[in-house]
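All values below come from the heavy atoms of this structure, side chains included, with hydrogens, waters and symmetry mates left out. Counting begins at 1 with the first residue of the sequence.
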Amino acid sequence: MRAALWLLALFGIAVAGALFAGNNQGTVTLFWPPYRIDLSLNLVLLLLLAAFFFLYAALRALSALFDLPRQALRWRTQQKERGMHAYLLDSLSHLLAGRFIRARKSAESALTQEASLSASGAAPGNAAQVRTLAHLLAAESSQALQDRGAREDHLQKALEQAGLREGLETREGALMRAARWSLEDREPQSAINWLMDLPSGAGRRTLALRMKLKAARLAGHTREALETARLLAKHRAFSEAAAASLVRGLAVDLLNGAHDPAQLKRAWAELEPTERHMPELAIHAAQRLIRLGGESHLARDWLLPVWERQHQLPDSLKVKLVCALEEGLDTIDGAWLARIEAAQRANPRDATLQYLAGMACMKRQLWGKAQQLLRQAVLALQDAQLHRNASRALAQLAEERGDEEAAAAAWKQAAQD
């Protein structure tokens, strides 16, 4: 369609030119005494048009001639800029390839090129960002070469450039790299200080949170590490199993940091509901509370959610749960005794529950029932500690009723375990 319109326009121009030129009888007379020159109007118009084009071409040629020095300067500036960016790319390539000395030299060459451009008044628009990246590459290479002095020098210069308005985009990256280098040097507090300088939005990124978690663990800040691990779990930075294992380990460290029942209660209260329902955590907290001289009934309250799911627990955890409950059997109340008996009756072949019910009956001085349950349990118990405890309990029961032979056999069995 466009070609057809152009063709029509050309035909129109040709027709108009033919009509104007073919029927134009006008003349132009020039008087130059004693001469007279008669020219047709068409020829004069053509001469004027030719003179215009000639003058235009001459002016363009003169402009190009006088612009040669500026073009040469611009070409040299472009070559320097290309060289500067080439040095940056070379530095990054050498750094990734493990050639750290070459990487640092290339970064320093890029800085030299940028300084030359700035001195000549032809600084690129991203000069501050280029300087920051070059200093960071040089600092990264110095870190790999264990040249701490050069690393700190380049890092400070990078932060100075990143503090300028043109280099604010790279400031967060510089701070994160500084934090990582501090972690590599096993200086967690320094890493935490670098991360605290990050803006609030950047501080919640997964990379920053990972470094914060590592720094907090190295520094022994268990509470801070636990909070960070929770955030990472919410951000799905780990798989569900890995996140649960990490949070559980940090929560155990938090509980182990308590040295009296009051501290342990505060630590337990700081845990989230989902964490307090973790069997491993609840069992560990209950055992630690009893060992610190805390209330047994409170330990059993912590264990109640786990006890309600005890049929779903693997054997190893069920043994730990029974051991935790056994430590507080001296003060067990009727409600708990009923729960234990109901669980044992619901699973009469579960040797672990038989053991717990037998020990509970023994604490309540129900000798006959305790002896019956423990005899059944000792035949099927797989855990060596529970088997030994059951044999010892049977020996004590035998001594209570004066059966020395049965007591000796039970003590012998306990010793063999």
Side-chain angles (χ1 to χ4, degrees), residues 59-182 184-185 190 193-195 197-199 201-203 205 207-208 211:
L59 291 175
R60 288 295 302 271
L62 287 174
S63 176
L65 179 63
F66 290 120
D67 196 47
L68 282 177
R70 189 179 63 85
Q71 293 289 344
L73 178 61
R74 187 175 66 176
W75 181 84
R76 287 194 297 270
T77 302
Q78 288 178 346
Q79 291 300 107
K80 287 183 179 181
E81 287 187 6
R82 290 172 181 171
M84 176 185 68
H85 290 102
Y87 280 129
L88 275 179
L89 293 177
D90 288 342
S91 177
L92 181 59
S93 300
H94 290 319
L95 183 63
L96 294 177
R99 295 188 289 266
F100 303 116
I101 296 178
R102 294 185 183 181
R104 185 165 64 180
K105 287 183 178 179
S106 296
E108 291 172 348
S109 298
L111 289 169
T112 303
Q113 286 284 71
E114 192 281 328
S116 176
L117 286 170
S118 298
S120 63
N126 59 346
Q129 190 173 15
V130 168
R131 287 194 296 269
T132 303
L133 291 176
H135 281 302
L136 283 178
L137 288 171
E140 186 74 45
S141 303
S142 300
Q143 170 68 13
L145 294 170
Q146 297 297 310
D147 189 350
R148 189 165 182 174
R151 185 201 74 186
E152 291 298 323
D153 180 57
H154 284 292
L155 175 60
Q156 291 303 320
K157 291 179 180 178
L159 291 175
E160 290 174 4
Q161 298 302 320
L164 300 177
R165 182 178 180 181
E166 299 84 359
L168 289 175
E169 297 85 354
T170 53
R171 178 174 175 79
E172 297 172 2
L175 291 173
M176 288 188 183
R177 295 310 302 171
R180 182 176 292 278
W181 296 332
S182 296
E184 291 176 359
D185 292 342
S190 177
N193 293 335
W194 287 120
L195 293 173
D197 290 338
L198 287 171
R205 294 174 190 165
L207 177 61
M211 289 190 290

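- Side-chain N or O atoms of Ser142 include one that pairs as donor or acceptor with a backbone N or O of Ala138 at under 3.5 Å.
- To the nearest 0.5 angstrom, Asp90 atom CG is 9.5 Å from Arg99 atom CZ.
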- What do the steps show when you test Arg76 against Gln79 for side-chain hydrogen bond (donor to acceptor under 3.5 Å, both in side chains), and what is the final call? CA-CA 5 Å; Arg76 287 194 297 270; Gln79 291 300 107; over 6 Å; no
- Task: Check step by step if side chain to side chain contact (heavy atoms under 4.5 Å, CB included) holds for Trp181 and Glu140.
- Result: CA-CA 9 Å; Trp181 296 332; Glu140 186 74 45; 3.2 Å; yes
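- Put simply, the side chain of Phe100 does not reach to within 4.5 Å of the side chain of Asp147, judged on heavy atoms.
- Checking side-chain atoms of Ser116 against main-chain N and O of Thr112 turns up no donor-acceptor pair under 3.5 Å.
- To the nearest 0.5 Å, atoms CD (Glu184) and CD (Gln146) are separated by 8.5 Å.
- By the 4.5 Å heavy-atom criterion applied to side chains, Asp185 and Arg151 are counted as neighbours.
- The side-chain heavy atoms of Glu172 and Arg205, taken from C-beta on, include a pair separated by under 4.5 Å.
- Within a 6.0 Å sphere centred on CD1 of Ile101, other residues, nucleotides and ligands contribute 12 heavy atoms or fewer.
- The distance from the CG atom of Leu73 to the OG atom of Ser120 is 7.5 Å, given to the nearest 0.5 Å.
- Not one N or O on the side chain of Ser63 forms a donor-acceptor pair closer than 3.5 Å with the backbone of Leu59.
- When every heavy atom of Ala208 is checked against every heavy atom of Leu195, the shortest pair comes out as O-CD1, 4.0 Å.
- One finds the CG atom of Asn126 at 9.5 Å from the CZ atom of Arg131 (value rounded to the nearest 0.5 Å).
- Side-chain atoms of Thr77 and Lys80, non-hydrogen and from C-beta on, never get closer than 4.5 Å to each other.
- Closest non-hydrogen pair, Leu175 versus Asp197, comes out as CD1-O, 3.8 Å.
- Counting all heavy atoms, side chain and backbone alike, Ala128 lies closest to Gln161 at O-CB, 4.0 Å.
- Separating the OH atom in Tyr87 from the CD atom in Glu114 is a distance of 14.5 Å, to the nearest 0.5 Å.
- Heavy-atom contacts from other residues, nucleotides or ligands closer than 6.0 Å to CZ of Arg60 number 12 or fewer.
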- Item | Leu133/Val130 under side chain to side chain contact (heavy atoms under 4.5 Å, CB included): CA gap, chis, key distance, verdict | CA-CA 5 Å; Leu133 291 176; Val130 168; 6.0 Å; no
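- Looking only at side-chain heavy atoms (C-beta outward), Leu89 and His85 stay at 4.5 Å or farther from each other.
- For the residue pair Ala107 and Ala134, the shortest heavy atom distance occurs at CB-O, 3.5 Å.
- Under a cut-off of 6.0 angstrom, the local environment of CZ in Arg102 is sparse, with at most 12 non-hydrogen atoms contributed by other residues, nucleotides or ligands.
- Between Thr170 and Arg177, the closest side-chain pair of non-hydrogen atoms is not below 4.5 Å.
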- Message: Determine whether Asp67 and Arg74 satisfy the following criterion, side chain to side chain contact (heavy atoms under 4.5 Å, CB included), listing intermediate values before the conclusion.
- Response: CA-CA 11 Å; Asp67 196 47; Arg74 187 175 66 176; over 6 Å; no
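- One finds the CG atom of Leu136 at 12.5 Å from the CE atom of Met176 (value rounded to the nearest 0.5 Å).
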